[in-house]
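Inspection log for the structure reproduced underneath, given as structure tokens.
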Amino acid sequence: MEYNFRAIEQHWQQEWKAKEIYKVSNDASKPKYYVLDMFPYPSGAGLHVGHPLGYIASDIFARYKRLKGFNVLHPMGYDAFGLPAEQYAIDHGIHPAVSTENNINTFRKQLDNIGFCYDWSREIRTSDPSYYKWTQWIFLQLFKSWYNRDTKKAESIDGLIKIFETEGNINHPIPDQKSQTRLPDGQVRNHKSEIFSSSDWKGFDEATQQFILMEYRLAYCGYGEVNWCEALGTVLANDEVINGVSERGGYPVVKKKLRQWYLRITEYADRLQGDLNTLEWSDAMKEMQTNWIGKSSGAEIEFSLASPPSPLLPERGDAKVAESGRLFKTADANWHILKEYGRLNRKNPTAAEDVLWQNIRNNKLGVKVRRQHAIQGYIVDFALLEVKLVIEVDGEYHNEEQQKIYDEARTGYLKEFGLNLIRFSNDDVLNNTKTVIEKIKEEIQVQKKNSRTSEGLPLPEEEKGLGDEAKAGVRVYTTRPDTIFGVDFMVLAPEHELVGQITTAEQKAAVDEYVAYVKSRSERERMAEKKISGCFTGAYAINPLSGKHIPVWISEYVLAGYGTGAIMAVPCGDERDHKFAKHFNIPVTNIIGDYYNGEEANPTKEAVLQNSGFLDGMVMKDAAEVVIQWLEDNEEGVRKVNYKMRDAAFSRQRYWGEPFPIIWKDGIAYPLDEKDLPLELPHVESYKPGPEGEGPLANIEAWTARHLETNTMPGYAGSSWYFLRYMDPHNDTVFCDRKGSDYWNQVDLYIGGTEHAVGHLLYSRMWTKALYDLGHIGFNEPFKKLLNQGMIQGSSRFVYRVRGKNGFVSVGLKDQYVTDQIHVDVNIVDGVELDIEAFKNWRNGEYANAEFILEDGKYICGTEVEKMSKSKFNTVNPDELVLKYGADTFRMYEMFLGPVEQSKPWDTKGIEGVHRFLKKLWRLFYDEQKGKIWTDQQPTAEELKVLHRTIKKVEEDTERFSFNTAVSAFMIAVNELSDLQCHKKTILESILVLLTPYAPHIAEELWQRLGNSGSVLDATYPIFEEKYVIESSKSYPVAINGKTRTDITIALDATQQQVEALVLANAVVQKWLEGKSPKKIIYVKNRMINVVV
RNA sequence: GCCCAGAUGGCGGAAUUGGUAGACGCGCCAGACUCAAAAUCUGGUAUUGGCAACAAUGUGCAGGUUCGAUUCCUGUUCUGGGCACCA
């Protein structure tokens, strides 16, 4: 009776299915354990041998836990939305729903072949409306929530509205924004300053209110830059862009600003960071997330410009203000107009304002001065709030009749609040500056006296005016404020908003050219670029501490999205800055003395500062704090915590994804009523992009007529919460019943590839936290333990075509010709030797008439290890292996290849050995001639020792996911039992239970054949007993000076003296001692003995 | 460029805490069985020298710490993964 794996495996797979062996219930007295795989994207290529690696590992662990008495949830599903299906549809006209369905069926068949213990009754597909109904629902929860920084959690936006109605947003200023939230005209909104009162709020119209709320929502709409390919009419990923052109077709690609949805994940940065230490993840994985979040602390510093930018408009303000007013639907919404107005004024001060500003800024009068400050509906030129003084500088247009009335009204109004107002004309300021300053000083004194008696408007300390930020200068973020005196130049991102304004006439052409060049480069290319490039703007900035004038450059290595989009360059301390300085011959200021050798930068923090003004003599790491203090005292900068992480772009201009449950009305996004979910993806005939970079949904009239959002959600939407749906997959009234999620709780073991280290794993953590904050689930981290499987790489084979000929040259001779390297199917290559006949038939005989230049009569292929991919013809299909060797062999072989965590190239060669092992195991039970040979005899001590050593090893290895060594332990056990000719049921039965997680079919079969009923999965796991493996003596290696020379056997309880005596008596030791006595004898119990001579 | 990981015989890998480097398997060599092959079984197999005993070398490379380093430290090279619209 031989091992007929095909019949066995088929039989048990049917049996398991029929008896619903793997179905789990949500209420069980047993403790729960949740084992989850990262669900696959069902690609058209089907499963390759890389996919099952993690699935087998999780299957082993799920079965192991079940044997250990747990109620194990082990589900599977499909991440079914995605770009490839859409691309396939464009190319072949097959609807994504159809191709996806086909692919899923293929995947399922392939998965079933391997004998996984998934509870398929819980299968989910993210593209299924009954699933994405809840993806949309969660999106709406995010849309209807904001992050309360006081309570540090997500809360309902209704609560925020109540706060606005009672106290305005003074205690909850608009969260910091990154580059995404620029207005269509390219202006960066300066949100911090947008402070409003409760009465302001009540006065705002609907559009303004909604606009403000959008700045708080956890899911919000803003503007962001994308790689735009006009010819393809579509947005491209960074790696679809190569050297400024699209990978497909080679069309030019430029940056384009598009309306986008975002998730405000930045609000969770601190929690995402902090909670990492509650997780059992590898340090590497935590480190990657930490680096992605990129928390750093330092200072934001304001460098004013040596020559302020000239005004953009001859008569400042008005035109621009009117234009920006068009952003809003109501004509009389004065709030944002004011805001805009103030900002523009600040940026484009009149000459008089600027002169005055330079004379009174920086506490020069002993009083803090704010420019273009909004007070109760007015913008004043300068506000000295602590002394309740307002200064106005009047230009020509204030003489107009209308303006006069307006000004008088303002004076009166401000007086009501206890604010005194003084006016100067432009002429006075410009020509009699001194007098004007004296006058202001006098007024300050008067106000100071009055302030003790006068009442009036209490101005909140924290209130910030419009003038606080964007003075006419460049803000930089630095983690090294201590190096401030070493700043030799500044670098702005080429897309920085100031570039256009500060560039001098002489430099304009060069700057424009450089900006255009950068526009065509993807962020990735820019970061990876080794060549140093940049362009001088002609402008100079003033170092606020040293007063030194420093040149302002632009360069692609500074990205707009990080920090402020501008850096202060300290070449002696930063390698990149140093290279830049050397390349452009910018003199380097050395502030670190001997630490800088003139050749390369030294990022030390230990140096004692030199050339650093009042910091001289201070150690750098102490100086940072001093500088921050100085900056804050002098209002030239602020302490700042910065995150590298940006808000997550959450919309795609694509078809095959979840539609947003959003309706646009007069430019305002309104949520769809939850009872109208799911908002189903409409069927389309064409998948072509919509106009102006919109998604294909924009082409559907019925869709646009309802004013529905035309973007769809990205691939990671559905995968951000799927682990919750498995807990309660068929619920139609809630995304996951709270009882279910309370029972199953966190995923105990999550297995998947490291490629998801920062994407999926961060997003799902954020969603979990948001759902937790809002009270929908009871835990705030999704994946307790994470196991990262390595990538199974393909070993690609290449042939070399002689250019211009239908001829191929063997790899060893290819250098003698001009050749093109072509991937060839690994399945028609034996090792490295090409099967020429098979090659001629390959690809429908494309190379039927090819000629071959051979070496030693063979055509040898080139090889390379790379990602397994259909397009590289290096995939190996598991089906064929399962057919040939069986699922159990395949499972064990994949595990035997090496540690699960490690990446390795696939090689089918060794699979025979594992198959032989299973056959050998079978022969412990059955003989080909004699049939059944297992007996009921009592085991010997030797046999029990083998068994218990195996129990210990397999259990320990399984617990630490060292599946390859567990397989090896099985092999050792079977080898030893074969040598002992052990066919005893008691021993073999225990081995079968141990083996069940690894080779479930053969274990189940033999378990039944031994006369057991019920599944082997319900057997009890063997218990290791020390008494069977105890030995009384042990063989120790004896090393002389650390080099093993011999070994001796000593009793385990031997003392140091006994051991030394034995060692010295040993002939080999004597030989090496050469008559001398040893310096020392090191005896480590259970390990080794070392004799030091 | 930045972040993370890895590198051990002809090959995949083992060595769990600093303690016998190469478990287990593949491949290869020799032998048994067979007319022959397959299957199976037995023995050998890091490199160099030697009939052997044995000796020297050996965990990407260069150093260091230690009685002792694949393991810890410093530097370096190469390979793989990620870098925000592939999933």
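In what follows, every chain begins at residue 1, and chains take the letters A, B, ... in the order their sequences are listed.
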Side-chain donor-acceptor contact under 3.5 Å, [X] with [Y]:
X        : Y        : value
A:Lys644 : A:Asn291 : no
A:Asn788 : A:Thr754 : no
A:Asn642 : A:Ser296 : no
A:Gln653 : A:Gln260 : yes
A:Asp91  : A:Tyr687 : no
A:Trp261 : A:Glu709 : yes

Original post:
What would the secondary structure line of RNA chain B be in dot-bracket form, counting Watson-Crick and G-U wobble pairs under 3.5 Å, with [ ] for pairs that cross earlier ones and | for pairs with another strand?
Top reply: (((((((..(((......[....)))((((((.......))))))((((....))))..(((((..]....))))))))))))....
By the 4.0 Å heavy-atom rule, please label [X] as base, sugar-phosphate, or nothing.
X         : result
A:Asn975  : sugar-phosphate
A:Arg526  : nothing
A:Pro899  : sugar-phosphate
A:Asp1047 : nothing
A:Val226  : base
A:Lys909  : sugar-phosphate
A:Gly82   : sugar-phosphate

Starting at [atom1] of [X] and ending at [atom2] of [N], how long is that distance when rounded to a whole Å?
X         : N     : atom1 : atom2 : result
A:Gln902  : B:A7  : CD    : C1'   : 9 Å
A:Phe896  : B:G27 : CZ    : P     : 12 Å
A:Gln793  : B:G12 : CD    : P     : 12 Å
A:Leu53   : B:G13 : CG    : P     : 12 Å
A:Asp927  : B:U40 : CG    : C1'   : 11 Å
A:Met1088 : B:C67 : CE    : C1'   : 8 Å
A:Tyr893  : B:G13 : OH    : P     : 10 Å
A:Tyr88   : B:A87 : OH    : P     : 18 Å

Original post:
Does the side chain of A:Asn238 get closer than 4.0 angstrom to OP1 or OP2 of B:C85 through an N or O atom?
Top reply: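 No, A:Asn238 has no side-chain N/O under 4.0 Å of OP1/OP2 on B:C85.
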Original post:
Closer than 4.0 Å, any side-chain N/O of A:Arg652 to the OP1 or OP2 of B:C86?
Top reply: no
Between [options], spot the one nearest the side chain of [X], thanks.
X         : options             : value
A:Thr965  : B:C41, B:A14, B:G25 : B:A14
A:Pro84   : B:C26, B:A23, B:A87 : B:A87
A:Arg1045 : B:A87, B:G13, B:A55 : B:A55
A:Met288  : B:C4, B:C26, B:G80  : B:C4
A:Gln260  : B:C86, B:C85, B:U17 : B:C85
A:Asn1090 : B:C67, B:G81, B:A87 : B:C67
A:Arg916  : B:U40, B:G81, B:U16 : B:U40
A:Glu287  : B:C4, B:C24, B:C26  : B:C4
A:Thr1044 : B:A84, B:U20, B:C86 : B:U20
A:Arg1087 : B:C24, B:U17, B:C86 : B:U17

**OP:** For A:Trp1072 and for A:Arg960, locate the closest nucleotide of RNA chain B by heavy-atom distance; then report the residue assigned to the nucleotide nearer the 5' terminus.
**Re:** A:Arg960
**OP:** Return the 5'-most residue of the pair A:Val1084, A:Lys579 with respect to RNA chain B, ranking by each residue's nearest nucleotide.
**Re:**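 By nearest-heavy-atom nucleotide position, the 5'-most residue is A:Lys579.
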**OP:** Determine whether the aromatic ring centres of A:Tyr893 and A:Trp906 lie less than 6.0 Å apart.
**Re:** yes
Subject >> A:Tyr763 and its ring-ring contact (aromatic ring centres under 6.0 Å, His included) partner, picked from A:Tyr268, A:Tyr716, A:Phe650 >> reply: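 Between A:Tyr763 and the candidates, ring-ring contact (aromatic ring centres under 6.0 Å, His included) is satisfied uniquely by A:Tyr716.
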Subject >> B:C86 to B:A38 separation - C1' atoms, rounded to the nearest Å >> reply: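 The same atom, C1', in both gives a distance of 47 Å.
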**OP:** Sticking with atom P, work out how far B:U42 lies from B:G25, rounded to a whole angstrom.
**Re:** 11 Å
Original post:
Are A:Arg765 and A:Trp292 in a cation-pi contact, defined as NZ or CZ under 6.0 Å from the six-membered ring centre and within 45° of the axis?
Top reply: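 Negative - A:Arg765 is either too far from the ring of A:Trp292 or too far off its axis.
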Original post:
Would you call A:Val491 and A:Tyr557 a side-chain contact if the rule is heavy atoms closer than 4.5 Å?
Top reply: yes
